[in-house]
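Notes to accompany the following structure.
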Amino acid sequence: MKARHKRLAFIAVGLIALGVATALVLDAFRSNLVFFYTPTQVANGEAPQGGRFRIGGLVEPGSLKRAANSLEVRFVVTDTAKRVEVVYSGVLPDLFKEGGGTVVQGRLAADGSFHADQVLAKHDENYMPPEAAEALKQARRVQTTVEVE
Amino acid sequence: MNTLAILRWLLWRELMLTLRRRSDLVAVLFFFVISVSLFPLGVGAEPSLLRVMGPGVLWVAALLSVMLSLGRLFAADFADGTLEQLLLMPVPLALAVSVKIMAHWLVFGLPLVLLAPLLGLQFGLSWQEAGVLTFSLLLGTPSLSLIGAIGAALTLGVRGAGVLVALLVLPLYVPVLIFGAGAAAASAADISPQGALSLLGALLVLGTAFGPYATAAALRIALD
Amino acid sequence: MNTLAILRWLLWRELMLTLRRRSDLVAVLFFFVISVSLFPLGVGAEPSLLRVMGPGVLWVAALLSVMLSLGRLFAADFADGTLEQLLLMPVPLALAVSVKIMAHWLVFGLPLVLLAPLLGLQFGLSWQEAGVLTFSLLLGTPSLSLIGAIGAALTLGVRGAGVLVALLVLPLYVPVLIFGAGAAAASAADISPQGALSLLGALLVLGTAFGPYATAAALRIALD
Amino acid sequence: MGLFGINWYRYAAPQAFYPLAGKMIPWFAAIAVTLGISGLYISLCIAPTDFQQGEVYRIIFVHVPAAWMSMFIYLVMAGWAGIGLALNARLSFMMAQALAPTGAMFTLLALVTGSLWGRPTWGTWWVWDARLTSELILLFLYIGFMALQSAIEDPRRADRAGAVLALVGVVNVPIIYFSVEWWNTLHQGASIGLTRAPAMAAPMLWGVLLMALAFWAYTIVVALMRVRCVIAERAREAHWLNEMREST
Amino acid sequence: MLVVERLECLRGGRRLFHDVNFVVRARELLHVQGPNGSGKTSLLRILAGLSRPASGTVSWQGCDIFDAREAYVGDLLYWGDQPALKDDLTVMENLLVTSRLAGIVTAPASLKAALEMVGLARHANLPARLLSQGQRRRLALARLWLDARPLWILDEPFTALDAPAVALLESRLETHLADGGMVVLTTHQRSILAAHALCTLNLTG
Amino acid sequence: MLVVERLECLRGGRRLFHDVNFVVRARELLHVQGPNGSGKTSLLRILAGLSRPASGTVSWQGCDIFDAREAYVGDLLYWGDQPALKDDLTVMENLLVTSRLAGIVTAPASLKAALEMVGLARHANLPARLLSQGQRRRLALARLWLDARPLWILDEPFTALDAPAVALLESRLETHLADGGMVVLTTHQRSILAAHALCTLNLTG
Ligand code: HEM
Ligand SMILES: Nc1ncnc2c1ncn2[C@@H]1O[C@H](COP(=O)(O)OP(=O)(O)OP(=O)(O)O)[C@@H](O)[C@H]1O
Ligand SMILES: Nc1ncnc2c1ncn2[C@@H]1O[C@H](COP(=O)(O)OP(=O)(O)OP(=O)(O)O)[C@@H](O)[C@H]1O
Ligand SMILES: [Mg+2]
Ligand SMILES: [Mg+2]
């Protein structure tokens, strides 16, 4: 009898601990743990002003400019709502292209541009042959035009 | 005598023993201070750099100091035969283990926490940043003791235990380190550190609830 | 049997004891690697920052690894009574102590030195910087073993003096660290690291010449 | 008597399991080879080129199955360890011991192929991103498990100590798996999930699945072979020691 | 009543003993004998619940000792082959702490009396590290005067003791048995126990 | 010839003994007696040159042992109250290393013979950690068969040995004495030495 009560008490303590831990973890997921921001958040001033952080988004088509006699490149990262200008000097990854996904890491400069020390290409989780991608794009275009109409 | 009274005596014993062997305590604290102060010396004291590195360096140093002190947690008791007597105490072993871990934290963890604001200010952290750093250490160092105890118990009596402990325990320390240093970095970047602190809290709760059981099991195995 | 033959057997014994388990050696290296890798986690992996921190981090990690392994230098022999037998060997004690320290360095120091360039490159050091860093470790780690041995011998068994001893010996590590990390930092800043390296060399020569005597004296006192 | 009229408990004894394992090995080896060859054929010859990554993406056929196996093997290993602790079954511990090296191997494979893949696609070998870090921790857990086991002389103690460690480390597996959902990181999210259609062209998917099954069969073969070694070694030790004892 | 049935012990895959059966009742002393390495210490550790047997059961007052650990441990005094002292605590503190951790409440006066008994009263404030081998053993011995638990399991308690201390321990064992206690012990000094060795168990090694 | 004159030993400000004088000649065995804590171990450690006396001299073949340490150490075998084994080395390696470090060159065959003698030949490849208390002591004992040094100083050599091992050690001591050796030892099992205890020294404590 007594031993059973003790065991129940231990189980109760374990469950309570699990509950509290879960609550804390859930609470944690509501905040930004990995310093990853979208251009909108950056524009709203939510991103850290002093620290190093990451911005993820698409490279705006037509925004990529290379400096004449150095490795410096400038481009704009956008989440279609807001844009952030990025300055980077270094080699860009092979899969980096206008319209493609990217993750840049660095700090905000005083003029509001983002000085990246690392630029990475990020792609989505879709794998398909080029023809399929083309077909899909076609289908989407049709869909949007239909929607516009 | 009831369980609580026995556990109180155990705590008394543990504190007494470390007070008698103050050199261990001093060595660990000294190591913490040295490895933290080395950076301004070795890296060159450029203030902006120091401010960025500060929290991370303090956290890594705290983690390594706690790890250095883990050797003493059970090994001495094991060698002189008193661990057998602890296993035969008329209280649940997991409770006794909790008390030992608490004593370990009081002696080796708490002083680090108390020293942290001073060292933090040395790195040019603001009061607020130093505060968050200290709080993250306060939440995190008990987890380090709790996790470390499992490793220490698993490697009891094994040759090369000191290094093996590091091997077992460091991977489990990584999350504590990431969230601990992350909290401080967040506050340095003017973001709320609450997310990281919540995770540290979650780790602490889980560690307190389940760590002593794993440690107790490991001790029984070690003495088998 | 002449002195040399006996010392050779002592070396054999020491190597045998440390190499009895292959995992032991691997574990030391692993500890070194992982504690070095913790820093980017804590501080954030900003390349320019890492390059600056690199030498200091590697040096602190090397110091830690050596310190972790120092515990076993005499304490085990003291506890199991074989230290008395070593004192009664028909060779000068300082020589025997030197052999023990040499064995310790061969097993725990040298591998760190060999690993250092790889880890240095991970921190983005140039080849030349990594080379200087490695050379500074090659000069410095034997001093760590030599100085550590004095501390290890002094702390054997003695209680009252323990704190004092820790305070006396640990600061001796500071110059080694400062010059070691300093040499690498100098070469990173395109200054000649020669000054720091010369000082490391001086420490090593002094340590080799006098360390074993101090250690031998400390051992005799510990066993008196 | 249990399923199929066979007393399965009989095989919980290592001596009885030894020949059974021996009989199972060739079958699984055959399965592994067949699946492996067909998987490789599909992935190298049939699967089309990817629209974004070109040919590089073919690393997927090693990377993804290896990453899956690394986590799955850890779960199985911890499961065996838990059963061993609960029921005091020697064979369970031996299974856990036998699985660890293969698990470590797949973890390493996932890490290596991942970073080989990361260089052309992301532009870096390594970032301290949540998934990559937790996968690295997994490797360290495997190594720690093996180091602990080999450092303890007494096999009984080694088994149990390793089991405790394996169970403690289990928390890491869900972190690896869900890290891409919990944290917005560089590593891509799941392409293949149970709750929705795979975001992958069918031949690619088949390649990945066949390779995963092949790795699975391979794991079983290697684990069985290793467990036979462990059984034999311990039996020899026991025999040798008993003999030694009788002659004293 | 301590009942041992069909006990088997494996060490490193080797069988140290098997099919060991015995019962220890109140007022009985069991002397475990056997050559060096025959498994006496291993047996005593199993009896104390510190290690698990390969097979067989040990039960105390009808319950398996591994199931009813807490009740058993409250009735047991185990003294392993080391004296289990903390070198950094003084003689008095050592005695205080061992008895308190075993759940025994005693007046300071009786602690002093126990030290007096084993001839260590003079050394009460000396750190245990400074004691001689025999004095360490005597300090371990002192706890027997504080302890009323029924079952004593003692591994080589006579080691390093001088003749008067041996006599002292013998008389304490006799009182304990007379009070209805039980003792299981090992010793190679067999002459010592001639008087009260009620049962002996031989591990043939 | 070992000559001890007016030896005094202080420990923590307490005088353990003073004015101890004796001579040990070839073929003589000195049995140091005394209650626990009377200073036997302290005396033996001084005789071995491990600790220094408060006053008085110990000389070996006419030279003070602290001045002519190396010569003395070459003639001395000291066995402290622990068996001085490395747990991680095997039984055979332990024996090999202790003899080599003492400067003794022996053929592998004689190492084996010594292990055979103490009944550990079958355990030659077992790590010493796995030995029982008594087996560890037996291993320490084995070195006596390899050693021709004239002066043996043994602290409690009979501890933890079973009866056959005790007899074995006694016969080895006799041979050593017969060969012109000298022995200084302590033991509480006094009956054991009745046969050859040529001299006894009493430390009254
Ligand atoms: C060292 C670097 C990497 C590590 C440690 C790693 C680790 C993992 C792990 C543990 C998984 C299995 C989790 C799951 O099934 O969701 C996984 C899956 C996957 N990884 Fe990686 N990865 C790395 C790099 C990469 C790179 C560079 C790519 C592609 C550019 C990649 C693409 C994938 C894909 C497509 C999956 C399958 C996801 C799914 O369908 O569920 N990984 N990786
Ligand atoms: N620093 C010190 N302060 C006070 N007393 C000390 C100190 N060091 C040793 N002693 C005392 O000296 C004595 C040491 O005795 P030693 O070990 O030589 O005894 P022994 O005759 O070998 O006894 P045993 O038969 O128990 O082995 C003990 O009584 C111990 O308490
Ligand atoms: N892992 C192992 N592998 C092989 N043998 C082992 C292992 N562990 C213990 N042993 C053996 O088991 C025996 C342990 O015996 P135990 O300590 O119980 O002996 P004992 O009867 O108390 O002897 P003593 O009288 O010497 O104290 C020894 O022979 C030892 O060599
Ligand atoms: Mg024994
Ligand atoms: Mg003595």
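A, B, ... follow the sequence lines: proteins, then strands. Residue 1 opens every chain. Keep in mind it's a predicted model, so treat the numbers as computed, not measured.
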As an exercise, state the distance from CG of F:D155 to CD of E:Q133, rounded to the nearest 0.5 Å. 8.0 Å
Roughly how far, to the nearest 0.5 Å, is CZ of F:R14 from CG of E:L126?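 It comes to 8.0 Å.
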For F:R137, which atoms come within 4.5 Å of any heavy atom of chain E: side chain, backbone, both, or neither?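 Interface part for F:R137: neither.
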Which atoms of E:L161 are under 4.5 Å from chain F, going by heavy atoms: the side chain, the backbone, both sets, or neither?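 Both backbone and side chain of E:L161 come within 4.5 Å of chain F.
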Under 4.5 Å from any heavy atom of chain F, what part of E:A160 do you find: side chain, backbone, both or neither? backbone
Quick one: does F:D162's side chain have a donor or acceptor within less than 3.5 Å of a partner on E:N36's backbone?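 Confirmed, F:D162 side chain pairs with E:N36 backbone.
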Heavy-atom pairs under 4.5 Å with chain F: which of E:R136, E:H123, E:E156 has the most?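 Of the options given, most contacts go to E:H123.
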Quick check: do E:S132 and F:T41 have side-chain heavy atoms less than 4.5 Å from each other?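 Not touching, per the 4.5 Å side-chain cut-off.
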